[in-house]
Amino acid sequence: MSSFSQVFINPFANLSDRMMLRIGLVAYVWASLQVYLFRYVPDGVFQQHLTCEISWYAGFVNVAINILFPAALLWLMAKVLYNKVRWQDVLVVVMLAQVVNYVTGFLLMNPYSRSKSEHILAAIESGDMMLKTVAPFDLFIIVSAGLVGLAMLIYFFYLLVVGMKIAMNSKKKVHAVWIVLVTLLADTLLHLWGPYLK
């Protein structure tokens, strides 16, 4: 197995803490600029919606919220299950897992993908429910982006579970369920609370 595939399968066991933190920080800056350039606002840990205007600093605040809030909830859960868990380990896990969501945001929210989505929405609004007026290539782009987005969401949860189980020194399968449920809770709370800047 190549070193790249080993990192892809389990970066937490194959990268140093310092390297993972560097990747997470670079990705944080990239995602913050991406939010500003592509003009979208998060609706939760892995949800987003388009906006007409967004301030340059809003991306940095919003992306930080999407790292710190789920990390805090996951750390509290982990602290109950394993008292020796460290905050910095949980933070690095969330930062690294969020890289997957940044890639998904890039694929789905870039101007090219959005223009294809707008063609489909325009067709539906004009009554073309069978999408006969939409170019096959546009449909291919949207379906492909959607499938990749779904695969990336699964990979996001996979990374969270693998990383958190290492941070918690856990081998119990039930802990994977708790990790997913707490992340979904964080997403739901952020969606309802809406603390994001525009």
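Here the structure is a predicted model, which is why all the values come from computation and not from measurement.
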Quick one: [atom1] on [X] to [atom2] on [Y], what's the gap to the nearest 0.5 Å?
X    : Y    : atom1 : atom2 : result
L131 : I124 : CG    : CD1   : 5.5 Å
L139 : K116 : CG    : NZ    : 10.5 Å
L190 : Y196 : CG    : OH    : 3.5 Å
S32  : N66  : OG    : CG    : 10.0 Å
S115 : I142 : OG    : CD1   : 8.0 Å
L21  : L15  : CG    : CG    : 12.0 Å

Residue W56 excluded, over 12 heavy atoms near CH2 under 6.0 Å
no

Answer yes or no: does atom OH of Y36 have more than 12 heavy-atom neighbours from other residues, nucleotides or ligands under 6.0 Å?
no

Residues V93, L159; criterion side-chain contact (heavy atoms from CB on, under 4.5 Å); working and verdict:
CA-CA 8 Å; V93 167; L159 286 180; over 6 Å; no

Where do K79 and N83 land on the side-chain contact (heavy atoms from CB on, under 4.5 Å) test, with the steps shown first?
CA-CA 5 Å; K79 202 71 174 165; N83 191 43; 3.7 Å; yes

What are the two closest heavy atoms between [X] and [Y], and how far apart are they?
X    : Y    : value
A176 : V161 : CB-CG1, 3.5 Å
S55  : K198 : OG-O, 3.3 Å
S113 : L108 : CB-O, 3.7 Å
G24  : M95  : C-CE, 3.5 Å

May I ask whether [X] and [Y] are part of the same hydrophobic cluster, defined by side-chain heavy atoms of I, L, V, M, F, W, Y residues being less than 4.5 angstrom apart, directly or through others?
X    : Y    : answer
V94  : V26  : no
M168 : V177 : no
V90  : L181 : no
V174 : L81  : yes
W30  : V92  : yes

Validation row: [X], [Y] side chains within 4.5 angstrom (heavy atoms):
X    : Y    : result
L50  : R39  : no
I166 : N10  : yes
K84  : N169 : no
V41  : I54  : yes
T183 : D187 : no
L96  : I23  : yes

Classify the ring geometry of F106 against F38: parallel below 30°, tilted from 30° to 60°, perpendicular beyond 60°.
tilted

Between Q34 and M109, does a side-chain contact (heavy atoms from CB on, under 4.5 Å) hold up when you go through it step by step?
CA-CA 9 Å; Q34 178 176 291; M109 306 303 278; over 6 Å; no

Side chain [X], main chain [Y], donor-acceptor under 3.5 Å:
X    : Y    : answer
Q6   : N14  : no
Y82  : K165 : no
N110 : L107 : yes

State which residue, out of [options], fulfils the side chain to side chain contact (heavy atoms under 4.5 Å, CB included) condition with [X].
X    : options             : answer
L160 : L74, V45, V180      : L74
F60  : I65, L33, V35, L197 : L33
F12  : V162, D89, V7, D17  : V162

Passes side-chain contact (heavy atoms from CB on, under 4.5 Å), Y158 versus V100? Steps please.
CA-CA 11 Å; Y158 166 80; V100 177; over 6 Å; no

Under 3.5 Å, side-chain donor or acceptor atoms of residues 146-157 against the rest of the protein: list the pairs with distances, not counting sequence neighbours.
unit_1 : atom_1 : unit_2 : atom_2 : d
Y155   : OH     : F8     : O      : 2.5

Just by distance, no angles: are the side chains of Q98 and Y28 close enough, under 3.5 Å, to form a donor-acceptor pair?
no

